[in-house]
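This structure is a prediction, so every number in the text was calculated from the model and none was measured.
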Amino acid sequence: MRIYPDFTWEWIIESCKQFCNDIQNSVSPKILSAWSKDYIQSAQGLITIIPKLREHPQLENLVPMKSLLSLRWFPAEDYEVGLYCVENKVKYEVSVTKGWMDIESIEKKVVSLDEAADTVYAYITKYRQD
């Protein structure tokens with residue numbers, strides 16, 4: 001399983017907080033657009049899910065890569081398990097993709113906050129090759 005030692009849970013949380021602050025400070029609250037609000041909600045969704053991921057005994061030490069507003073684990077060559085907030089800190093999409101150039105969607109599931117960590121770990125375990 002490929003890991004990225006430069007990423008820490010704390011850094012991911014701070015990065016999401018900084019992202020929210022940057023957007024909120026760059027425009028007037030009156031003109032904060034719908035897409036800006038969606039981005040902020042996605043970042044806040046990651047902040048919310050991280051304690052749940054860290055509570056999971058097997059995920060605690062499998063710190064993901066943060067990419068834009070998603071978390072990514074790489075259980076095997078050409079495989080990625082992704083986690084995205086799809087509904088304001090309530091629902092999360094967990095997906096498995098294969099490939100880098102021609103990306104193939106293997107599995108996708110929308111889960112609740114309480115189901116996300118187990119689902120992520122189940123997908124990592126299913127596709128892990130080390």
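Summarising the geometry of Lys98 relative to Tyr79, their closest heavy-atom pair is CD-OH, 3.5 Å, with the distance given to 0.1 Å. Annotation for Lys66 and Cys16: closest pair CE-SG, 3.7 Å, computed over non-hydrogen atoms.
For the side-chain hydrogen bond (donor to acceptor under 3.5 Å, both in side chains) test, no residue two or more places apart in sequence or in another chain qualifies with Thr125. Remark: Gln58 pairs with His56 by the side-chain hydrogen bond (donor to acceptor under 3.5 Å, both in side chains) rule, at least two apart or across chains. Scored by the ring-ring contact (aromatic ring centres under 6.0 Å, His included) test, Trp9 finds no partners at all (sequence neighbours excluded). Here Glu10 pairs with Arg54 under the side-chain hydrogen bond (donor to acceptor under 3.5 Å, both in side chains) rule; sequence neighbours left out. In this structure Glu104 satisfies the salt bridge (charged side-chain N to carboxylate O under 4.0 Å, His left out) test with no other residue, sequence neighbours excluded. Taking Phe19 as the reference, nothing meets the ring-ring contact (aromatic ring centres under 6.0 Å, His included) condition, with sequence neighbours excluded. In terms of the ring-ring contact (aromatic ring centres under 6.0 Å, His included) criterion, Tyr84 has no residue partners (sequence neighbours excluded). Residues satisfying the side-chain hydrogen bond (donor to acceptor under 3.5 Å, both in side chains) test with Glu115, not counting sequence neighbours, are Ser112. Take Lys126 and apply the salt bridge (charged side-chain N to carboxylate O under 4.0 Å, His left out) test, not counting sequence neighbours, and it matches Glu107.
Side chain of Thr8 to backbone of Trp11: a donor-acceptor contact under 3.5 angstrom is found.
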Working note: Val90 + Leu113, criterion side-chain contact (heavy atoms from CB on, under 4.5 Å); need CA distance, chi angles, decisive distance, verdict. CA-CA 6 Å; Val90 180; Leu113 175 70; over 6 Å; no
Begin with the C-alpha distance, continue with both residues' side-chain angles, and end with the deciding distance and a verdict on side-chain contact (heavy atoms from CB on, under 4.5 Å) for Tyr127 and Ile106. CA-CA 11 Å; Tyr127 293 96; Ile106 305 293; 3.1 Å; yes
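Other members of the cluster containing Val86 are Val110, with ILVMFWY side chains joined at under 4.5 Å, either directly or via other members.
Distance CE/Met65 to CD1/Ile12: 10.0 Å, rounded to 0.5 Å. Taken to the nearest 0.5 Å, the SG atom of Cys20 stands 13.0 Å off from the OH atom of Tyr39. Note that CD of Gln18 and CG of Asp22 are 4.5 Å apart. Values are rounded to the nearest 0.5 Å. The distance from the OH atom of Tyr92 to the CG atom of Leu71 is 9.5 Å, given to the nearest 0.5 Å.
A heavy-atom distance below 4.5 Å is found between the side chains of Arg72 and Ser67. A heavy-atom distance below 4.5 Å is not found between the side chains of Glu93 and Lys109.
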Side chains of residues 40-52: which donor-acceptor pairs under 3.5 Å do they make with residues two or more places apart or in other chains?
residue : atom : partner : partner atom : Å
Ser42   : OG   : Asp38   : O            : 3.1
Thr48   : OG1  : Gln44   : O            : 2.9
Lys52   : NZ   : Asp114  : OD1          : 2.9

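Partner of Val81 under the side-chain contact (heavy atoms from CB on, under 4.5 Å) criterion, out of Thr119, Leu62, Thr97, Val94: Val94 alone.
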